[in-house]
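Worksheet: one structure, shown below.
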Amino acid sequence: MTEIEQIKEFYQEAFRKLSNRHLHQKIEVKFYSYVSINHTIRVRNGTVFVRISDIFKGAPLNVQISLAYILVSKLLRKKISPEIIHNYKRYVKSEEIYAKATENKKIRGHKIITSSKGNFYDLEEIFARLNKDYFNRNISKPTLTWSKRKTYRILGHHDATHNTIVISKSLDGKKVPVYVVEFVVFHEMLHIFHPTMQRAGRRYNHTPQFRRDEEKFVYFTEAESWIQNNIKVLKRNAKID
Ligand SMILES: [Zn+2]
């Protein structure tokens, strides 16, 4: 039995279980190249058409089963058990899938992930050092990349959705001390360590605990004042670029 045939049976089973009927539902399942992870289910002329993101090719069978239950539940407007959603989401979040999604985006030219190796500084090296010195290696490595443009407004940015840390290219120069680059990366790593808090509909990124931890950076004062003193130069460089 091929993967698709097997998956088709999961959908048959999901239909039988969720609709409490023993009818044989006509189902067509196809993998489809979506830019991001996406799946669709719809009915046309009595046949159910399922399109599964091709990123899910070769996914573990229990994940395919979860996805079948999720899509069929949506179609039949049934409640989905949290356990099933959790099982599905855990897989989506797994690094393997993340890597494939990034690869797809690269190929299709949507979100271009540039290299972590700059002209002067290697973000992976800096990340590994900081992870060892400050986080007991507890932070799993996100995608690290220099920004395409020299931005000064945002020296660093953590994109939680894409698990990516972006550092402004304006910091990748011989005149920028290494502790400044480290400090900006450190700040973004703290965003991973202290995820955004939601309270009463407001988002808190820089909590008091976050600020306290930020000050643990050995060159905190030096880095802060260097950025203060050089913001004009960074701005100018950003304009030239
Ligand atoms: Zn921040």
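Sequential numbering from 1 along the given sequence is applied to the chain's residues. For ligands, and for the atoms within them, numbers begin at 1 and follow the listed sequence.
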Charged N to carboxylate O under 4.0 angstrom, Glu28 versus Lys8? no

Salt bridge (charged side-chain N to carboxylate O under 4.0 Å, His left out) partners for Glu224, two or more places apart: none

State the count of protein N/O/S atoms located less than 2.8 Å away from the Zn ion (ligand 1). 3

Mind checking side chain to side chain donor-acceptor pair (under 3.5 Å) for Gln64 and listing every partner two or more places apart, or none if nothing turns up? none

Is any NZ, NE, NH1 or NH2 atom of the basic residue among Asp172 and Lys169 found under 4.0 Å from an Asp or Glu carboxylate oxygen of the other? yes

Could you list the donor-acceptor pairs under 3.5 angstrom formed between side-chain atoms of residues 183-192 and any protein atom two or more places apart in sequence or on another chain?
residue: His187; atom: ND1; partner: Glu214; partner atom: OE2; Å: 2.6
residue: His187; atom: NE2; partner: His191; partner atom: NE2; Å: 3.2
residue: His187; atom: NE2; partner: His206; partner atom: NE2; Å: 3.2
residue: Glu188; atom: OE1; partner: His158; partner atom: N; Å: 3.1
residue: His191; atom: NE2; partner: His206; partner atom: NE2; Å: 3.2

With no hydrogens and no angle check, just 3.5 Å: does a side-chain donor-acceptor pair link Glu13 and Tyr69? yes

